[in-house]
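What follows is a set of notes on a single structure, which appears directly below.
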Amino acid sequence: MRPKFELLDKPLIERILDEAFELIEDPGVRVAPYVVDLLRAAGVTVKDNVAHIPEPLARRLLDLAPRGFCLYDRSGRPAVRYGGDDVHFDPGSSCLNILDPATQQPRPALAADLVRMVQVAEMLPQFAAQSTAMVCNDVPPEIGDWYRLLLVLWYSEKPVVTGAFSAASLHTLLELVAIESGGPEALRQQPRAVFDVCPSPPLNWSEFASQNLVDLARSGVPAEIVSMPLAGATAPVTLAGSVVQHAAECISGITIHQLARPGAPIVWGGAPAIFDMRTGKTPMGAIETAMLDVACAQVGKYLGLPTHAYLVAGDGRVIDAQVEMESGMSAVLGALAGINMISGAGMLDFLACHSIEKLVIDAEAIASAQRLIEGIEPRTESLAVDMFAQTGLHGDFLKLKETRALFRKEQHFPSALIDRGFSPRDGSTPDILERARQRVEELVAAYERHALPAEREHEMIVFAQREGRKAGLEGLPGIRAPEHAGDRA
Amino acid sequence: MPDTNFSAMRQSIIDGAPDTASSLAQQAVTSGVAPLDAINNGFVPGMQEVGEQFAKGQMFLPDMMASAEAMRAAMAVLDPELKKLGAERPLSGIVVLGTTKGDIHEIGKTLVGTLLTAHGFRVHDLGVDVPGEKFAATARELNADIVGVSALLTTTMRNQKGVVEALEKAGLRSQVKVMVGGAPVTRRWAEEIGADGYAKDAMSAVDLARELMQRKLQAVP
């Protein structure tokens with residue numbers, strides 16, 4: 001039995017959806033001029049850039065959205081399966097700051113930091129996908145979005161969760177990932193990346209978001225809606241009310257997306273949070289935030305759609321007990337909820353800071369959560385009687401062949417980062433932060449970059465140099481000179 | 001007018017009761033209490049109490065919003081009375097507020113505006129997605145003391161720097177203080193872009209605005 005965690009019963013899900021469908025018709029959804037004609041052609045009334053979407057149309061389009069799809073790794077293997085109860089994790093994305101590995105103080109992230117994080121995530125099987133985790137402060141801001149994707153594609157073979165920072169730059173990102181995949185058609189056939197698209201709460205598909213939805217649908221590259229109601233501030237204070245808003249934003253987004261190209265892959269996702277009434281902050285580590293994520297995903301699953309959520313992030317400013325308590329708890333809840341892609345690992349301080357040391361600690365929590373959802377299996381014909389028949393009341397289970405044959409399946413073995421008493425108890429065991437640093441060093445040392453076919457590398461470098469020059473970028477931070485296929489050419 | 005009504009005015013703000021605040025203000029006018037006395041001895045102490053309770057974690061943002069609304073209701077009655085007398089509530093300062101270019105998240109900025117207004121500042125809210133030049137032009141037009149720039153996203157936070165630069169370009173930087181805020185903003189960032197201050201939340205923004213006004217007044221020869 002696969003263990004499962006749910007927060008909503010069927011009647012409540014139905015009520016949530018009823019109200020969500022009601023909201024998208026009245027008061028409606030703010031949309032950008034870019035999608036007005038598309039909506040009107042489908043019979044939607046659009047007045048003053050507010051679309052009033054009728055339920056039957058939205059339901060019809062929801063039915064057209066695929067129930068699942070895969071993201072592929074560089075070798076063409078389906079490495080992430082969106083749909084059903086498959087669970088995957090990826091690091092949090094687009095952070096401007098990093099906890100400096102040496103000082104553990106926040107500072108602006110640089111290309112070298114992103115490279116290091118990608119290398120670490122590449123080595124950890126807990127992460128089925130990479131994310132464009134950090135914005136590199138050593139490249140001009142206007143090319144910040146595609147540049148981080150360049151580095152991830154350069155150093156990783158895993159699928160990527162990414163996103164554009166503007167309507168126009170989406171095409172630059174798509175061009176880059178298409179080069180890496182061997183052309184737009186190859187990318188469409190075996191998508192390597194999913195692109196996050198964020199509505200603005202409440203119920204607003206901005207110019208940028210509207211355009212990204214449509215352009216992604218037409219490109220055939222998967223889109224992932226990241227709806228983020230903030231309960232009590234930009235969404236109803238009740239968790240149920242915020243789940244309604246999340247559903248309304250997702251349904252309206254899917255409507256626009258499917259009108260642009262029926263059957264294009266899209267994910268019911270989000271980064272909801274509560275709004276802390278003392279500080280105005282949006283705690284990602286709050287249990288209610290995790291509850292929102294789980295409930296929102298449950299509604300998406302009810303509709304049969306692929307799901308995403310933002311969890312495994314903590315709110316403290318340093319790696320401490322609070323941050324890891326919050327991150328570990330939400331990793332477990334997200335996994336039990338069967339959410340297809342869970343983003344957020346590595347992040348702390350209300351998503352304002354990333355940490356590679358935290359990423360490796362989170363990976364241990366994720367591994368535990370992954371073990372948890374494997375559940376308890378009856379692996380032997382009799383559960384215990386046969387083993388007792390062999391050992392009687394002596395209790396020598398250690399000697400049994402079943403023990404040797406099955407302990408690896410039954411028990412997950414964490415890395416040395418987790419203190420299981422392996423080190424001497426003489427006070428010399430390094431603390432968790434030091435163990436995390438050591439783990440990062442080990443992983444980076446073990447990492448090996450696998451080059452792309454030379455002509456693709458060359459094309460990527462030429463592309464990056466051309467686009468970079470437009471923004472005044474000298475060189476390619478994070479890509480070492482000997483690796484420049486372009487330099488060899 | 002008995003002193004107990006000042007207590008009731010104070011309490012109406014603490015309770016966040018706009019109707020009560022409004023009718024107490026009306027009663028004060030009818031019974032000949034000087035509007036400035038009602039403001040300074042009745043309603044403002046209520047707002048001060050709310051600020052203190054908030055700082056202690058005993059009142060919350062929705063309470064604060066309700067108190068600001070009650071303050072607004074009282075002032076809606078008392079401001080016209082002050083004007084009739086040819087007077088004005090002493091102004092704490094003039095603030096131009098907005099979110100940076102590219103950022104449409106206004107909750108934090110609106111909260112700051114509400115609290116600044118409740119604490120006697122005249123606030124001009126430019127809304128969302130505001131270019132640096134617009135901040136500068138409005139600051140010049142209104143002879144603003146402070147420009148407050150909010151950003152929720154790490155990507156749009158960078159544009160706070162553009163506001164400082166636009167004020168410099170307009171030759172206003174020496175007259176206008178710049179305060180920045182928003183989820184990803186830090187003190188270090190404020191220093192890096194040459195802003196005058198950073199506030200971590202809406203109530204701190206009020207304290208910061210007061211401090212900046214003091215610094216500004218002290219700087220005047």
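Computed over heavy atoms, backbone and side chain alike; hydrogens, waters and symmetry mates excluded. Model, not experiment: these values are computed from the prediction.
To the nearest 0.5 Å, atoms CG (Asn97(A)) and CH2 (Trp189(B)) are separated by 9.5 Å. The CG atom of Leu152(B) sits 9.0 Å away from the OG1 atom of Thr234(A) when rounded to the nearest 0.5 Å. Between the CZ atom in Phe54(B) and the OG1 atom in Thr279(A) there is a gap of 7.5 Å [rounded to 0.5 Å]. Between the CG atom in Asp201(B) and the CG atom in Asp276(A) there is a gap of 10.0 Å [rounded to 0.5 Å].
For chain B, the nearby part of Phe165(A) is the side chain; its heavy atoms alone come within less than 4.5 Å. Of the two parts of Phe275(A), only the side chain, counted from C-beta on, holds a non-hydrogen atom closer than 4.5 Å to a non-hydrogen atom of chain B. Neither the backbone nor the side chain of Met64(B) comes within contact range of chain A; no heavy atom of the residue lies under 4.5 Å from a heavy atom of that chain.
Atom CZ of Arg317(A) has 12 or fewer heavy atoms from other residues, nucleotides or ligands within 6.0 Å. In the displayed structure, Lys281(A) atom NZ is contacted under 6.0 Å by more than 12 heavy atoms of other residues, nucleotides or ligands.
In terms of non-hydrogen atom pairs under 4.5 Å with chain B, the most contact-rich of Pro141(A), Ser94(A), Pro201(A) is Pro141(A).
Of all non-hydrogen atoms in Arg188(B) and Pro108(A), the two that sit nearest each other are NH2-CD, 3.8 Å.
Residues Val135(A) and Arg158(B) form a side-chain contact, since some pair of their non-hydrogen atoms from C-beta on lies under 4.5 Å apart.
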